[in-house]
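Shown next, in structure tokens, is the structure this report addresses.
Residue numbers run from 1 in the order of the sequence given.
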Amino acid sequence: MPALPFRFSAFIKSRKTSIHYLHVKLFGKPLPLRIQYIPRFAMSWEMPWSHYCLEMHINPGASEAVILSLGQSSQPYKTCQFILENSQVATARFQAAAAIREAAIREWGFLSADDKKGLISFCLCYVMQHTSSPDGYVQAKVSSVATQLMKRGWLEFVPAEKEALFYQVNQAIVGIHGIDVQFAGIKFLESLVSEFSPSTSSAMGLPREFHEQCRRSLEQDYLKTFYHWTQEAASSVTNRIIESDSVVPEVKVCSAALDLMLQILNWDFCSNTIETKINVNVFSAGVRQDGDSLKKSECHLVQPGSDWRDVLILSGHVGWLLSLYAALRLKFSCEGYWLDCPIAVSARKLLVQFCSLTGAVFLSDDGKMHEQHLLQLLSGIIEWVDPPDAISKAIENGKSDSEMLDGCRALLAIANVTTPYVFDGLLKSMRPIGTLTFLSMLMSEVIKVLMTSNTEEETWSWEARDVLLDTWTAILTPINTINVNALLPSEGIKAAANLFGFIVECELRLASATAFNDEGDSDHLHASVSAMDERLSCYALIARASVNVTIPLLIRVFSERVGCLNQIETKGGSLETRNASCVNFTRQGPVWGHVQWCFELATHVDNMTVFSDGNGYCSPVKKAKRSTGDALRQKKRRSVRHWPEMHHVSIIRRRGYCRLPEKEKKFPERGTTSIKVHWNVETGHQKTGEKQNGPLECGNRSLEIGRQAERSTGTVDHRISDGGRWLLEKFSGKEKRSPKGNQSRKRSIGDNEGEGELPLVPNTIQTQFVVNAVEADKHPVVLLSSSIIKFAEQCLSPEMRASVFSPRLMESIIWFLARWSRTYLMSSDGIGEKILDSGHHHEHSSKKALLCFFGEHNQGKLVLDIIVRISFIALTSYLGEKDLQGLTCYQLLHSLVQQKHICVHLVTLNSWHELATAFSTEKTLLLLDTAHQRSLAQTLVRSASGIRNSEASSQYVRNLMGPIATYIVEISSKSNFKNIAQQPDILLSVSCMLERLRGAASASEPRTQKAIYDLGFSLMNPILVLLEVYKHESAVVYLLLKFVVDWVDGQITYLEAQETAAVVNFCTRLLQLYSSHNIGKISLSLSSSLLSEAKTDKYRDLRALLQLLSSLCSKDMIDFSSDSIEAQGTNISQVVYFGLHMVTPLISMDLLKYPKLCHDYFSLLTHMLEVYPETFAQLNSEAFAHILGTLDFGLHHQDADVVSKCLRALQALASYHYKETGNGNIGLGAHTVGHKDLSGNVQEGLLSRFLRSMLQLLLFEDYSSDLISVAADALLPLILCEQGLYQRLGNELIERQPNATLKSRLANALHTLTSANQLSSSLDRINYQRFRKNLNSFLVEVRGFLRTM
């Protein structure tokens, strides 16, 4: 299409400038005299602009700045087209194209139909005419502009207009205009498909429905046609590429065509819906369900529907692609670089994507067509990975690994669309073995290469292992819920068993090789361990596929390593002598490393999780995984909290997996004495008295399965148990996690349990072992569990702890016990039978025998006692091991009290009461991290739910927390408390006690509510004293506030009127005290680092106070008391507004930049304005002005959620005022009337101010389209309240329009906004819905051209 007529004088005039001025702005110098004096009427603007284009090279920055401004000017299209066609500066052309896009999208509503089509045609022609330009990014930009404009008018253009546009594209792709134009046409379609895809579409200021309609329309009418065009384009150049002995231009056309076909197959087809997926029979010979899984690799299922069958299946397209790749592969077999050439990479990617093809595109012929399709693909792809050993050797010798990795990805894709039986049978038509056997061989080779290299850098074998593990996951995932033999053929079970055995052998060898690694980078060490745990979860699925082989294997490996460990421990002697004594394990390495590894492996073995929807239906839940590479790259710095205990206690932190032999260190021995502590409130110290007490034992009881606790005084080689720890963690699901337990969930061989879900014994374990109740002790899982528990029990011996049980090994034991106890310990089996009722008596008999062995009437209570004692040892004998203690507090003990059937027995154990006594009266547990003390307090208080008698439960809480409260009361009442308060030991003690009180307060339940209320009530005055004394200790102040927040939050809804009044009075005094001291006041004289720290401290305090006010608000929402709080004269809304009045002056705009504080503040403010607008109207002018200031700040916040909250608050205020004034009341009263401030300036009323702000925001500022609905709900009552101002603002907007057409258009739009769709003056739900539609239409109509004013 020829360029449109161009008159640059119009641009000059619209800019209110001159030729001379423009030249100075562009080039920084006057216009040449020979041009200045040309008569204006005689000037040909092509002549000076050709001069400008030459001069742009001299000062491109200035010219680019001017061109950038074109995007904001009105109708700059002719100017931009001239620049595109004449400028020699690529950046200028790029910015001109961007200006066309920006202006056209903004002004689309008032462009004529011819102008719209003309702009698109210009961009298309420009792309096709400049295919040989070296500035490819300019062509890509212009192509992108064309696709965006085409999409903007997609729903307006009739089919004939679209066909006319696409005719030009088709002519280019056919190749009649040459290779370069053909390439440009394909790239244009690639840009078009990307623009119409929701995930990559450009923002246009339009609702999501518009983008969705465009997507569906393109898919239904054109997407298949585009694929066909591209397919023909690629085919047309194939012979030329194959026949040529050198690089030819057709290669780039073919590569681009393959990329476009891949992009189209990646399209999210409408047929790929949730309903379609649910109706797929995952156990047929067709496809499996596309659900969440353990997979780390992306695998997109392609489900285009039956309309695509002719193009994708019947056309022979797959055969052509395989032949093309095979021919080129053979031709360039001697040139290793070819595998990474664009055409080779694109062809392999497309073949891998064809492996993911599934659904209605195949005939409903029992999967025969689909199977034939996969067989054809596999016949060509198998050469990429077979034979595995030869290919891996070639890669190690320099061959590219890309083909090998794509072959692994193809196997993953096939596994995702077939059942195991179909998957295994595909290869049998070409090879003497099945696909599962080959997969086992392939992965074994990959693991062998990986273990041989033993590098921390990610190599091809790392990625190949992850992809192949995902392939096994895709194959084996359904085995969690049904009999393994129903899904996996016998050869597949054997292949899984062989693979798992090889994995165990390799991992044991690796554990031995790395047992002595004392890495200095602890962050990297923890990331590596986390990566290993990711793998263990996938290994567990493989093990469960052949559980009748793998469980006995684990028993044998673990028993051998522990036996050798006991043998070495019994013999004693030097380190070298002990290693030499274990001659049978020289291949596997040091036995300590093996035991450690065995623990890790065993942690993943024997339970399973299902998710219940609450209606009796349960289904297996598969968790998403993080990639191994990602885990290794996450080397985050671990934060260290410098609490006051560092003043008086030195903690030796032991890091790494082992101690180096030459150090000969023993682990701390803390189990020989028990310390009795009496608080001395005179000095703040503790009196300690020792009494001799032997190693913690389980009395005279012993586990019926037998117990051995060999003891010796020597230090064994700490490498001995690395392998055992691996096996244990593999069995129970061990994973490295932060001390607070924020971690991803792991799948294990024996369990698959996640937070909030139901742990069950995997059905494979139930069905593969037939054991009756009489022989329950011979069940393989019982034998393995018993062996592990028996070994873990040996840590109760001080000698064994010192020589064998390292902190890392104890972490594995604790995590194993936490996971194992949730599945097997005193398991409540009723739900499990309902979920996995297979109808076979022997399976239920086996399951019953397995669960009953560790039930409450058999070994359960004895094992529970051992677990508690091990937990006590972990907390008291490994000082400074925060990870270990965090696992104990947050995982093991926390999980025990969460299970009511266990908690009932837990509170009857002497060991549990010993733990509670040590917590409340002894000093030992004060050495724990304060956060762990809070968690331990919460756990101990929650265990009271296991006490059936309500009074006994309350008394238990009083006995547990009474000494702690007494200490706070007595220390705060001392006359010299201010003098001794800053002593390190006093500061530490107070901090620890407050953390414990906070933990207890957060564990409040109806049964213990009264005891915890009495606890907090007795501390009201001491809390105020502490706040006064420690007003400059930000850490203590924060602990005080958080305790009050947790206590009030747990108590307020249960309190009677008198108790509520006492609590409200206490909170008011607390707020007054905090405000009066200006705690957190920031001095501008502080250094930047101290200023930042002060802001952070103040932010935490203010957020806690806002949470306190929010908790008080809940009393009006939920109240279980028997009388009304108004009986005591308590008005919650007045109290909360009073609190806001004291708190908001401390909240600066800088502090509102903290996201959490900002969200808490506006959440509370919105709630108050929605529920108590009448109280807000009664605030004094100062408090009122401050709240309005923060609302105005939030209205322009970058966080859409904050803006939404502010809009809801404005809606509440405006609607309250409108309704009240409609009923003859004053509403917000004087706050809505303008007034003069102290400086004599006129200040608008509340509603007028925000009506103006709302219109400014909606018409001229940037915001998320998701806010339009909530903005409409706020704008409607504002308009109804201030109709006169709305009319004036509308008239001002109209008068500012210089164009008569736009002026009329704006006037009509403003009128339609308040009159269309039968809009009335009511504020009911229907009227709000009507106004939302009106506002959407109004913004689409006028926002574009208004923003250019």
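For residues 88-113, the set of pairs meeting the ring pair (Phe, Tyr, Trp, His ring centres under 6.0 Å) definition, not counting sequence neighbours, comprises Phe94-Tyr137, Phe110-Phe1345. The side chain to side chain donor-acceptor pair (under 3.5 Å) analysis of residues 172-182, with sequence neighbours excluded, yields the pairs Asp180-Lys252. Contacts classified as salt bridge (Lys or Arg N to Asp or Glu O under 4.0 Å) and involving residues 126-146 (residues at least two apart or in different chains) are given here: Arg93-Asp135. Within the structure, no pair that satisfies the ring pair (Phe, Tyr, Trp, His ring centres under 6.0 Å) test touches residues 233-255, not counting sequence neighbours. Sorted pairs that involve residues 313-328 and meet salt bridge (Lys or Arg N to Asp or Glu O under 4.0 Å), not counting sequence neighbours, are lacking altogether.
If you take OG on Ser202 and NZ on Lys151, they are separated by 7.0 Å, rounding to the nearest 0.5 Å. Taking CG of Leu1259 as the reference point, atom CG of Leu1339 lies at 6.5 Å (rounded to 0.5 Å). For the atom pair Cys355 SG and Leu412 CG, the distance stands at 10.0 Å (nearest 0.5 Å). Of the inter-residue distances, the one linking Leu206 atom CG with Leu155 atom CG reads 9.5 Å to the nearest 0.5 angstrom. In this structure, the separation between CD on Glu250 and CG on Asn239 is 11.0 Å, given to the nearest 0.5 Å. Between Arg106 atom CZ and Gln75 atom CD the span is 10.0 Å, to the nearest 0.5 Å.
Residues Arg215 and Ser201 are not in side-chain contact: their nearest non-hydrogen atoms beyond the backbone lie 4.5 Å or more apart. The shortest distance between side-chain heavy atoms of Leu351 and Trp384 falls below 4.5 Å. In this structure the side chain of His300 reaches within 4.5 angstrom of the side chain of Gln353, judged on heavy atoms. Taking 4.5 Å as the limit, some side-chain heavy atom of Ile105 sits within range of a side-chain heavy atom of Arg101. Under the 4.5 Å side-chain criterion, counting only non-hydrogen atoms from C-beta, Tyr1263 is in contact with Leu1258. Between Val311 and His317, every side-chain heavy-atom pair lies at or beyond the 4.5 Å cut-off. A heavy-atom distance below 4.5 Å is not found between the side chains of Trp320 and Gln231. Annotation: side chain of Ile186 is not in contact with side chain of Trp229 (no heavy-atom distance under 4.5 Å).
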Problem - Step-by-step salt bridge (charged side-chain N to carboxylate O under 4.0 Å, His left out) determination, Arg409 to Glu463 - result: CA-CA 10 Å; Arg409 296 186 186 103; Glu463 187 172 356; 2.4 Å; yes
Exercise for the section: Please lay out, stage by stage, how Leu149 and Lys116 fare under the test side chain to side chain contact (heavy atoms under 4.5 Å, CB included). Expected result: CA-CA 8 Å; Leu149 298 184; Lys116 295 173 183 177; over 6 Å; no
Problem - Candidate pair Leu324 and Cys254, rule side chain to side chain contact (heavy atoms under 4.5 Å, CB included), full reasoning - result: CA-CA 11 Å; Leu324 171 65; Cys254 188; 4.1 Å; yes
Practice task
Please test Leu357 against Val417 for side chain to side chain contact (heavy atoms under 4.5 Å, CB included), starting from the C-alpha separation and ending with a verdict.
Solution key: CA-CA 8 Å; Leu357 194 63; Val417 297; over 6 Å; no
Exercise for the section: Report the C-alpha distance between Leu189 and Leu192 in whole Å, list the side-chain angles of each, state the deciding distance to 0.1 Å, and finish with yes or no for side chain to side chain contact (heavy atoms under 4.5 Å, CB included). Expected result: CA-CA 5 Å; Leu189 283 187; Leu192 184 73; 4.2 Å; yes
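With salt bridges taken as basic N to acidic carboxylate O contacts below 4.0 Å, one links Glu190 and Lys187. Contact check on Glu156 versus Lys117 returns no salt bridge, with no Lys/Arg side-chain nitrogen under 4.0 Å from an Asp/Glu carboxylate oxygen.
Looking only at atom types and distance, the side chain of Gln213 has no donor-acceptor partner in the side chain of Ser217 under 3.5 Å away. Of the N and O atoms on the side chains of Gln139 and Thr131, not one donor lies less than 3.5 Å from an acceptor on the other residue.
Put simply, the side chain of Glu219 never gets that close to the backbone of Arg216: no donor and acceptor are under 3.5 Å apart. A donor-acceptor contact shorter than 3.5 Å is absent between the side chain of Ser143 and the backbone of Ala140. Side-chain atoms of Tyr227 never come within 3.5 Å of backbone atoms of Leu312 as a donor-acceptor pair (strictly under, hydrogens ignored). Counting only distance, with no hydrogens or angles, the side chain of Arg1305 and the backbone of Gly109 share a donor-acceptor pair below 3.5 Å. Formation of a donor-acceptor pair under 3.5 Å by the Ser244 side chain with backbone atoms of Arg240 is not found in this model. Remark: side-chain polar atoms of Tyr126 are not paired, donor with acceptor, to backbone N or O of Glu85 under 3.5 angstrom. Proximity of a side-chain donor or acceptor of Gln168 to a complementary backbone N or O of Cys125 within less than 3.5 Å is not detected. Looking only at distances, no side-chain donor or acceptor of Glu403 sits under 3.5 Å from a matching main-chain atom of Leu339.
Scored by the side chain to side chain contact (heavy atoms under 4.5 Å, CB included) test, Asn1299 finds Thr1301, Leu1302 as partners (sequence neighbours excluded). Every residue meeting the ring-ring contact (aromatic ring centres under 6.0 Å, His included) condition with Phe362, not counting sequence neighbours, appears here in chain and number order: His370, His373. With sequence neighbours excluded, no residue forms a side-chain hydrogen bond (donor to acceptor under 3.5 Å, both in side chains) with Ser323. With sequence neighbours excluded, the residues that form a side chain to side chain contact (heavy atoms under 4.5 Å, CB included) with Thr200 are Ser194, Ser197. Looking at residues two or more places apart in sequence or on another chain, you find no ring-ring contact (aromatic ring centres under 6.0 Å, His included) involving His211. The side chain to side chain contact (heavy atoms under 4.5 Å, CB included) check on Arg208 picks up Asp1266, with sequence neighbours excluded. Under the rule for a ring-ring contact (aromatic ring centres under 6.0 Å, His included), the partners of Phe196 that lie at least two apart in sequence or sit in another chain are Trp154.
Across all their heavy atoms, Trp308 and Ile264 have their closest contact at CH2-CG2, 3.7 Å. When all heavy atoms are compared, the tightest approach of Ile242 to Ala327 is CD1-CB, 4.1 Å.
Atom NZ of Lys349 has 12 or fewer heavy atoms from other residues, nucleotides or ligands within 6.0 Å.
The residue from Phe226, Phe188, Phe157 that alone fulfils the ring pair (Phe, Tyr, Trp, His ring centres under 6.0 Å) condition with Phe166 is Phe226.
Ring-plane geometry between Tyr325 and Trp338 is classed as tilted, the angle between the planes lying from 30 to 60 degrees on a 0 to 90 degree scale.
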